[in-house]
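Start at 1 with the first residue, then count along the sequence.
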Amino acid sequence: TGSPYWNLAIGAGRAWSEKGDRGQSRASLPFALVERNANCVHNGVLTFLFKKNKVSNVRYQITSETCQYFQFDMWGQVSASYTPGGIVNAAAIRNAYATEVADRLPSKPISTLATDNPGAGIDLSAFGRGITPSALSAYGFVYDGVNYVGDCPTRQGAYPFCSQLLLPSYSTAKSAFGGLALMHLAQKYGPDVSEELLEDHIPEASASSWDDVTIDHALDMTTGNYSSAGYQADEAGPTMSSFFLAETYTDKLTAALSYPHKAAPGSIWTYHTSDTFLAVRAMDDVLEEREGAGSDIFAMLRDEVLEPAGVGPDSLTTLRTDNAPTGAPFGGHGMFWTQDDIAKVAKLLVADDGVAGGTQVLHPGLLDASLQRDASDRGITTGGPPPFHYNNGFWARDFSSADNAAFTSPFSVPFMSGFGGITVALMPNGSSYYVFSDNNEFAWRDVVTESNKLDSMTGG
């Protein structure tokens, strides 16, 4: 928008007429304010009347967001101008939207999960449990090809365009961008790309502190460069604050490379969003070396992984440096989801085993390692409690009979995690659970129990 504070996202709405409109048409559509240089999303609705070459004032209302640190209601009325004219490629636009809607996963209310699986004894109250209701944006459970969705509550009732509610990725992008990009590069060019050195692809990383740091180390958060080894201490520290606030590529890269060297690469886990940024920058250069100047790592992910998996247009963009479409993608955050989009990404990973459109798009070996299916490569153990595994941008938590007597054999659940209260849990039976909230609550263990009931039903 050019605003110093907000960018804008627009969804597809409706137009209709009512008695008393005097030949005018009504329009209503979803929109979202996206904080500039950040991933906060505030969802709203706007509405107006129009006829031929005239338009009414526009009324708008915002009563929900996914943003832990900045929450507000806003409503009002603004003047508008309307210039009638033909729409270029109007038929193609309509057809593309119709195709997008038709290609969404079958969707049902979450309540039907119990009726669709009557013998499993599903406790529906587990879904969304542990999340403050006023902080909940959306949740859903994907099982057997169906997206069982919850409501999209706001402070003034249900959001009327729930299927288009725009949700921020925050650090789920570390998995869905950084992790998936590496898996696809490995599928195209071999898994050794993960061992390429940052200094060979980022000229500014030539200082001795970055010697021997690979793309894999950066995605695993084990570069050996940090200020504090305390659990996520650096992520809340001044260097990371400078990284997040920096808008230009030069400033962001400078902050990312400014941590002091303290340990051998691969030995110590320290959580840094900036490390994913560096990994993505190196992968971008790897791609340019193989496919030519002008190649873009997110464009590769978009065209060769996300689109073949059926992911819709809301998730085919990402925030970039310099607040410009030509900037460097953030990597560690800055993507956006709808309920259908995140369900399809989860399905690609755990139900479809990295196959999209009949083609293997994710390297099977790296996918198995990322999802804790390879006992010889579980990544690195993080702090806690509880202790987690972290591998290629994916978290994982171990479960056993100590968690629930029904868990007769130990297993692990990989998951994506995002700032403020975002979780995408990827179950061993191919189901998945996503929840988006903003009160710093990460409650999803009870859903593992419900998923396990379905697992025993299907013999998975």
Could you pull out every donor-acceptor pair under 3.5 Å between side chains of residues 414-421 and any protein atom, sequence neighbours left out?
none

Separation of [Y] [atom2] from [X] [atom1] (nearest 0.5 Å):
| X | Y | atom1 | atom2 | result |
| --- | --- | --- | --- | --- |
| Trp395 | Lys174 | CH2 | NZ | 9.0 Å |
| Asp220 | Asn391 | CG | CG | 5.0 Å |
| Ser242 | Met240 | OG | CE | 10.0 Å |
| Met283 | Asp285 | CE | CG | 12.0 Å |
| Phe330 | Thr321 | CZ | OG1 | 7.0 Å |
| Asn439 | Thr132 | CG | OG1 | 4.0 Å |

Closest non-hydrogen atom pair, [X] against [Y]:
| X | Y | answer |
| --- | --- | --- |
| Val55 | Ala80 | CG1-O, 3.6 Å |
| Glu288 | Gly294 | OE2-N, 3.8 Å |
| Pro428 | Val413 | CD-CG2, 4.1 Å |
| Ile10 | Phe31 | CD1-CB, 3.7 Å |
| Leu348 | Val361 | CD1-CG2, 4.2 Å |
| Val311 | Ser315 | CG1-CB, 3.4 Å |

Side chain of [X], backbone of [Y]: donor and acceptor closer than 3.5 Å?
| X | Y | value |
| --- | --- | --- |
| Glu199 | His201 | no |
| Arg36 | Ser3 | yes |
| Asp374 | Ala369 | no |
| Gln372 | Arg378 | yes |
| Asp341 | Phe336 | no |
| Asn7 | Val34 | no |
| Lys262 | Ser227 | yes |
| Ser451 | Val447 | no |
| Tyr159 | Gly44 | yes |
| Asp296 | Ala299 | yes |

Step-by-step side-chain contact (heavy atoms from CB on, under 4.5 Å) determination, Leu167 to Val41
CA-CA 7 Å; Leu167 301 160; Val41 177; over 6 Å; no
Positive for side-chain hydrogen bond (donor to acceptor under 3.5 Å, both in side chains) with Tyr189, one of Glu291, His363, Arg290, His184:
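That would be Glu291; it is the only one of Glu291, His363, Arg290, His184 passing the side-chain hydrogen bond (donor to acceptor under 3.5 Å, both in side chains) with Tyr189.
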[X], [atom1] atom: more than 12 neighbouring heavy atoms under 6.0 Å:
| X | atom1 | value |
| --- | --- | --- |
| Arg104 | CZ | yes |
| Tyr5 | OH | no |
| Trp75 | CH2 | no |
| Arg14 | CZ | no |
| Arg155 | CZ | yes |
| Ile87 | CD1 | no |

Return the orientation label for the Phe411 and Phe399 ring planes: parallel under 30°, perpendicular over 60°, tilted otherwise.
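Parallel, since the angle between the ring planes stays under 30°.
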Check the orientation of Trp269 and Tyr271. Use parallel for under 30°, tilted for 30 to 60°, and perpendicular for over 60°.
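Answer is tilted, since the angle falls between 30° and 60°.
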Derivation and outcome, side-chain contact (heavy atoms from CB on, under 4.5 Å), residues Ile131 and Tyr139
CA-CA 11 Å; Ile131 307 295; Tyr139 69 91; over 6 Å; no
Less than 4.0 Å between a side-chain N and a carboxylate O, is that true for Asp284 and Arg281?
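Counted as a salt bridge, because a side-chain N and a carboxylate O are separated by less than 4.0 Å.
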Any heavy-atom pair between the side chains of [Y] and [X] that's under 4.5 Å?
| X | Y | value |
| --- | --- | --- |
| Asn57 | Ser79 | yes |
| Val424 | Trp337 | no |
| Met300 | Ser295 | no |
| Ile62 | Asp73 | no |
| Phe50 | Pro84 | no |

Any side-chain donor-acceptor pair under 3.5 Å between [X] and [Y]?
| X | Y | answer |
| --- | --- | --- |
| Asn392 | Ser370 | yes |
| Lys347 | Ser432 | no |
| His389 | Asp398 | yes |
| Tyr259 | Asp275 | no |
| Ser169 | Asn39 | yes |
| Thr270 | Asp234 | no |
| Glu35 | Tyr69 | yes |
| Ser64 | Thr154 | no |

Which one of Phe244, Phe277, Tyr170 satisfies the ring-ring contact (aromatic ring centres under 6.0 Å, His included) criterion with His333?
Phe244
Before you tell me yes or no, could you show the steps for Met221 and Thr382 under side-chain contact (heavy atoms from CB on, under 4.5 Å), namely the whole-Å CA-CA distance, both residues' side-chain angles and the distance that decides it to 0.1 Å?
CA-CA 10 Å; Met221 311 283 188; Thr382 74; over 6 Å; no
For a quick test of your reading: what N or O donor-acceptor pairs under 3.5 Å do the side chains of residues 250-257 make, sequence neighbours left out?
unit_1	atom_1	unit_2	atom_2	d
Asp251	OD2	Thr248	OG1	3.2
Lys252	NZ	Phe243	O	2.7
Lys252	NZ	Ala246	O	3.0
Thr254	OG1	Thr250	O	2.8

Run the numbers on Phe177 and Ile297 for side-chain contact (heavy atoms from CB on, under 4.5 Å), then give the verdict.
CA-CA 9 Å; Phe177 184 176; Ile297 192 67; 3.9 Å; yes
